Amino acid sequence: MLWTILILTAVGLVCAVLITLTYRFLPKEPESLKKAEAINANLPGMNCGACGYPGCFAYAQALSADKKVFFSNTCATVLQDEDMLAGLESALDMKVDKSALNKKAVVACSGNCGNVGSYTGVGSCKTASKLLSGFKRCPYSCLGLGDCIKVCPSNAIRINIRTKVAVVDPDRCTGCGLCVAECPRNIISLVPADTKVVFLCSYKDIRDIPGREKCESGCIGCRKCYKACPNEAIIWNRETAMPEFDQDKCTGCGECIAACPHGKIMLLSDVAKKIKE
Amino acid sequence: MNNSTSLITIFIGMVLINNMVLTKFLGLCPFFGVSKKLGNAISMGVAVTLVMLLASLATAIIHNYILIPFNVEFMNIIIYILVIASLVQIVEITIRRTNILLYNALGIYLPLITTNCAVLGITLINASAGFSILQSIVSAIGAGVGFTLVLIIMSGIRERLEIAEIPKSMRGLPVAFITAAFLALAFMGFGGLL
């Protein structure tokens, strides 16, 4: 009996001494790791991997190298917790604007492409998209049967009666992303809530005269928006022959909106008006 | 049977016949958790092999020179847990301080292994088989290699399964379980090898 206690205590003691010795006498860890450790102390530590890094410590290491990672790969758990967020702010020496990380869903289609035939089947976009890739002429168009409406928990999506296209009301949208996963056409995306202009076309194929043969109001690649922008915020993507928007430079002046002959560009704050146009 | 053949027997027996995962059903948690990508599987396998080797060395010394002379073998589980946990801690600190690249590759796997039943399992198997220190080391390397082998096979299959057309209700873990069952059946075929 006595030996058992003594041996267990002795083994425990030796282990403790060995750990202490390693901790004391090994060379100190590099400076970058120390910073990462300070950041790691303010992370949830449950290694869920939702931020895109394999565990909280890897995320902390990425944060210590570049603060901006927090905005591209935001930790949602930290964002929900006031204390944790405050701790992380002081560790990173920056201010996080919570509202800037809010997202809004945008349906990138403005309709008008016309139908191949009339569809009278089940009223679900998923079913309709399986049949000859949908009844619309454009394969990247909104089918308007409202699968997104059914999943939206905040009742933010409506179908425009004239164009038969789903429109997300940015004021009601919470940015949960359920509709993004639901859409069989993959034309709904989450954009930062402070985005000024949105581009409402998802056509992805390379073509000679973009959009025109499929859609009455598709992007035709005329580059008028690109030329009109006074802030060089529009980058012309040669691969897709469509504009891309640099939201850091965009001031929301509206020059491109006025220049677009097909009304594809729109202020995010004006999207709600599309519900009842 | 001379000493060298018995070492080879122990090694092959641990890799194929008494495979940790598929025959002994130890270490199933990392088997399903870390077998989604080949790269992760290899890192995990290397980390487990390393820890198994060190743990077996330490516990074999303790078993042969402390537990048996004092006739307290019944304490092996609690002593082994203590020793393995401390050992992994020491290894983690050492890697972290000395080699940051290795730490980034193994970092998150080491704490996971601390309480892994495969690591505790191999030390207890060694103890109950009455292995000497050298035999323990060989059997630990064998078990680690076997674990890595199964993890690599499984990750290869699961990478294929990701792109295969599987009924929606079977995607992910269910089909992985079935795959594991078939793998276990296949490994039973090694039973008559030695």
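In what follows, chains carry the letters A, B, and so on, assigned in the order in which the sequence lines appear, proteins first and then strands, with residues in each chain numbered from 1. Everything numeric here is computed off the predicted structure, so don't read it as measured data. When reading the values below, keep in mind they use all heavy atoms of this one structure, side chains included, and skip hydrogens, waters and symmetry mates.
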Inset, instruction - For atom NZ of A:Lys150, decide whether the heavy atoms of other residues, nucleotides or ligands shown that lie under 6.0 angstrom number more than 12. - result: yes
Legend entry - A:Trp3 side, atom CH2; B:Met75 side, atom CE - distance, nearest 0.5 Å: 11.5 Å
Inset, instruction - Specify which of B:Ile79, B:Val72, B:Leu87, B:Asn40 makes the most heavy-atom pairs with chain A at under 4.5 Å. - result: B:Ile79
Inset, instruction - Inspect the surroundings of CD in B:Glu162 and state if more than 12 heavy atoms from other residues, nucleotides or ligands are less than 6.0 Å away. - result: no
Legend entry - Heavy-atom pair of closest approach, residues B:Arg97 and A:Thr22: NH1-O, 4.1 Å
Inset, instruction - Give, for atom CD1 of B:Ile90 and atom CG of A:Leu18, the distance between the pair rounded to the nearest 0.5 Å. - result: 4.5 Å
Legend entry - Winner by heavy-atom pair count (cut-off under 4.5 Å) against chain B, out of A:Val11, A:Ile19, A:Val14: A:Ile19
Inset, instruction - Report, as yes or no, whether the 6.0 Å neighbourhood of atom NZ on A:Lys67 holds more than 12 heavy atoms from other residues, nucleotides or ligands. - result: yes
Inset, instruction - Tabulate, in ascending numerical order, the residues of residues 177-184 of chain B having at least one heavy atom closer than 4.5 Å to a heavy atom of chain A, or enter 'none'. - result: none
Legend entry - chain A contact via B:Val83 - side chain, backbone, both or neither, heavy atoms under 4.5 Å: both
Inset, instruction - Answer yes or no: does atom CD1 of B:Ile61 have more than 12 heavy-atom neighbours from other residues, nucleotides or ligands under 6.0 Å? - result: yes
Legend entry - Approximate separation, where rounding is to 0.5 Å, of B:Ile78 CD1 and A:Ile7 CD1: 12.5 Å
For residues 152-161 of chain B, dump all side-chain donor-acceptor pairs below 3.5 Å to protein atoms at least two apart in sequence or in another chain.
from	atom 1	to	atom 2	distance (Å)
B:Ser155	OG	B:Leu151	O	3.2
B:Ser155	OG	B:Ile152	O	2.9
B:Arg158	NH1	B:Phe32	O	2.9
B:Arg158	NH1	B:Ser35	OG	3.1
B:Glu159	OE2	B:Leu38	N	2.9

